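Side-chain atoms are counted along with the backbone in the values below, which use heavy atoms only and exclude waters and symmetry mates. For ligands, and for the atoms within them, numbers begin at 1 and follow the listed sequence. None of the values given here were measured: they were computed from a predicted structure.
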Amino acid sequence: MSRPGTREILIVGGGIGGVAAAIALAKCGWRSRVLEKAPEFGEIGYGIQQGPNAYRMLDWLGVMKALEPQAVFTRNLILIDALTDRELARIDCGEAFRRRYGAPYTVVHRRDLHGALLDACRQRDEISLHTSKELVEFTDRGTSVVARFADGSEYEGAALIGADGLRSRVRELVIGDGPPRPAGHVTFRGVVPLDQIRDQSHFDDMVIWCGPDLHFVQYRLRGGTVMNNVATIVSRKFARGERNDYGGPDELMETFARTTPHVQEMLSCVGKDKNWLLHDRDPLPGWTRGNVTLLGDAAHPTLQYLAQGACMAIEDAVVLAAKLRGAASEVGAALQAYEQERYLRAIRVPITARIFGGILHCDGGARDLRNHLLAQRAPDTSWEFDWLYKGIEVPA
Ligand SMILES: Cc1cc2nc3c(=O)[nH]c(=O)nc-3n(C[C@H](O)[C@H](O)[C@H](O)COP(=O)(O)OP(=O)(O)OC[C@H]3O[C@@H](n4cnc5c(N)ncnc54)[C@H](O)[C@@H]3O)c2cc1C
C-alpha cells in the first residue's frame, strides 16, 4: 500500500472537479493524488459555458492565461422563441456586465478547459495523477482514509474527496441514495465548421431557441473557429412510461417539427448517432462523513439548463481547499465546514435548473405568459442572475 506523507489527500475522479480540486489543494498547502477510473484523463469533445463566477475561480487557480486564447468572450446571452424566431430576452455581457460580476462570460471547449487544468496539475510537484484506478471501497480510520481500487491497489490519505461524477461510487458509500433520477430529457450535440452555419448574425452570442418540450443552444468555440450545437427534448415517450426506449433521433425530429425552418435546419448540426439521457438528483445534505466528502456532480448533479454544473464543481474545489488550508488533525471539521458553506448555494442550481427548464419548454398559455413577461423585462439588466454570477469570493 502506498503510504503518503501526512498532508496528502486522495481525490477519486479526474474530471473537471477532481483536477480543479488538486490545483486548489496545492495552492493551500496540500499534496494530492488524483485517481481516475478511465485509462486516460480526458473530456468529451463539446462546449462548456463558464459564468463569471467560474471565471474568477479559474483565474485564481492560474489557468485562465492558458485558456484565454481558446475561450470565446460571449457578447450577449439571447433567448429566442423557436416557433416564431422572435427574440424574447437578451443579456448584454459587455463592460457593464463585467463590472457587475468582476469577470466576463466565456465559452470554451471541454478539452481545452480540462487540458488547461491537467497541465497545471502536471506542473505541480504536490500532485500525482493516476489512471485506470476505479475506486471500489474505502475505510475511514479516523485519522486517515484507506481507499481500495479494482486493480487491487490501495492508497492512504488524510482525507478522501469523491469527485467521481453523476454515478459516484463514493456517494453510494457515503449517502447511499441509489441511482440518479432520469429526467426524461434527452440531448444531442455537435461541433461543426462555421461554414455550416447559414445565419451568422449571432456568431458572438450564446443563443437559446426555446419551444414546447425543446430547446436548442448555439455558441462558438476554440477561439471562434467552430460552432457548438446542443439540441434538447423533453421525451413524450418517457412521459408515457416508455422508459426503455425513448429519445431517439426520430423523437428529436418529431419534437422539433413545429419550430421555424431556420431552427429545424440547425438540427443538421447535431450528431444523431449518440444521445445523452439526462439525470439529476433530488438535492440532499450529508455529503460529508468523517474524513470523506463529495464534490461536483457527485454531490449535487444538475440538469444543464443554467450551464453551471462544472462551474459549481470548480467553486466546490476552491472552497474545499480554502477550508483545508491550515487544517491538520481537524480535517473532518474542515470538510463539514466546506459542505455547510456550499450546501444551499450548490443545491440552488439543480433546483433552479429544473424551474428554468420548465420555462424554456412550456407551451400554450404558459408560453404566452412567459413571452409577455419577458417582453416587459428591461434589456440592460441581468439582476435575475446576481445570486449566481456574483458568486463567492476567491480566497486571499
Ligand atoms: C449536455 C450538457 C451540457 C452541459 N453544459 C454545461 C455548461 O455549459 N457549463 C457547466 O458549468 N456545466 C455544464 N454541464 C455540466 C458539467 O458537464 C458537469 O457538471 C461537470 O462535468 C461535472 O464535473 P465533475 O468533475 O463533478 O464530474 P465528471 O466530469 O463526471 O467527472 C467524474 C470523473 O470520475 C471518474 N470516475 C467515476 N467513477 C469512478 C470511480 N469509481 N473511481 C475513479 N474514478 C471514477 C469518471 O471517469 C470521470 O472522469 C453540462 C452537462 C451536460 C450533460
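Nearest protein heavy-atom neighbour of atom 25 (O) of ligand 1: G17 N, 2.8 Å. Looking from atom 28 (P) of ligand 1 to the surrounding protein, the closest heavy atom is G165 CA, 4.2 Å. Counting only heavy atoms of the protein, atom 31 (O) of ligand 1 lies nearest to G15 CA, 3.6 Å. In terms of protein heavy-atom proximity, atom 39 (C) of ligand 1 is closest to D164 CB, 3.7 Å. Taking atom 32 (C) of ligand 1 as the reference point, the nearest protein heavy-atom neighbour is A163 O, 3.4 Å. For atom 42 (N) of ligand 1, the nearest non-hydrogen atom of the protein is L135 N, 2.9 Å. Of the protein's heavy atoms, D297 OD2, 3.4 Å lies nearest to atom 18 (C) of ligand 1. For atom 29 (O) of ligand 1, the closest heavy atom belonging to the protein is E43 OE2, 3.9 Å.
Here R189 has side-chain heavy atoms under 4.0 Å from ligand 1, and that is the only part of it that gets that close. If you look at Q308 next to ligand 1, the close heavy atoms, those under 4.0 Å, all belong to the backbone. Heavy atoms of V136 found under 4.0 angstrom from ligand 1: none, in either backbone or side chain. Of all the heavy atoms of A54, none lies under 4.0 Å from any atom of ligand 1, so neither backbone nor side chain is involved.
Of the polar atoms of C311, at least one N or O is found under 3.5 Å from an N or O of ligand 1, judged by distance alone. Looking at ligand 1, you'll find an N or O of G309 within less than 3.5 Å of one of its N or O atoms. When only interatomic distances are considered, the shortest N/O to N/O separation between A307 and ligand 1 falls below 3.5 Å.
The shell of residues lying under 4.0 angstrom from ligand 1, judged by heavy atoms, includes R110. Not a single heavy atom of Q50 sits under 4.0 Å from any atom of ligand 1. Using 4.0 Å as the threshold, I16 has a heavy atom nearer than that to some atom of ligand 1.
Pairs passing the salt bridge (Lys or Arg N to Asp or Glu O under 4.0 Å) check and including a residue from residues 38-67, sequence neighbours excluded, read E43-R110. Identified under the side-chain hydrogen bond (donor to acceptor under 3.5 Å, both in side chains) test for residues 264-274, with sequence neighbours left out: R198-E265.
Here the side chains of R342 and L320 are not in contact, with every heavy-atom distance at 4.5 Å or above. Using a 4.5 Å heavy-atom threshold, the side chains of S132 and D151 count as separate.
Using the six-membered ring where Trp is involved, Y389 and F385 have ring planes that are parallel, under 30° apart on the 30 and 60° scheme.
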> Hey, mind stepping through D112 and R222 against salt bridge (charged side-chain N to carboxylate O under 4.0 Å, His left out) and telling me if it holds?
Replying inline: CA-CA 8 Å; D112 295 338; R222 298 218 135 140; 2.9 Å; yes
> Under the salt bridge (charged side-chain N to carboxylate O under 4.0 Å, His left out) criterion, do D205 and R90 qualify, and how do the steps go?
Replying inline: CA-CA 10 Å; D205 303 320; R90 171 181 291 242; 5.2 Å; no
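Atoms of ligand 1 found under 4.0 Å from any heavy atom of G296 (numbered from 1 in listed order, with element): 26 (O). Near L35, meaning under 4.0 Å from any of its heavy atoms, are these atoms of ligand 1: 43 (C), 44 (N). Under a 4.0 Å criterion applied to the non-hydrogen atoms of G13, ligand 1 contributes the atoms 33 (C), 34 (O), 35 (C), 44 (N). Close contacts of ligand 1 with E134, meaning ligand atoms under 4.0 Å from a residue heavy atom, involve 41 (N), 42 (N). Using a 4.0 Å cut-off to heavy atoms of V12, the atoms of ligand 1 that qualify are 42 (N), 43 (C).
With respect to the salt-bridge test (charged N to carboxylate O, under 4.0 angstrom), the residues R281 and D177 qualify. With respect to the salt-bridge test (charged N to carboxylate O, under 4.0 angstrom), the residues R345 and D316 do not qualify. Salt bridge annotation for K237-D250: absent, with no cationic side-chain nitrogen under 4.0 angstrom from a carboxylate oxygen. Using a cutoff of 4.0 Å between basic side-chain nitrogens and carboxylate oxygens, E384 and R377 are scored as salt-bridged.
Between H130 and F149, the gap from one ring centroid to the other reaches at least 6.0 Å. The ring of H361 has its center closer than 6.0 angstrom to the ring center of Y305.
The residue from Q49, E137, K133, E315 that puts a heavy atom closest to atom 43 (C) of ligand 1 is K133. When R171, E36, K37 are ranked by how near their heavy atoms come to atom 47 (O) of ligand 1, first place goes to E36. The residue among G47, A310, A20 with a heavy atom at the shortest distance from atom 10 (C) of ligand 1 is A310.
Between the side chain of R169 and the backbone N or O of E134, no donor-acceptor pair lies under 3.5 Å.
Between the side chains of R148 and T139, at least one donor N or O sits under 3.5 Å from an acceptor N or O.
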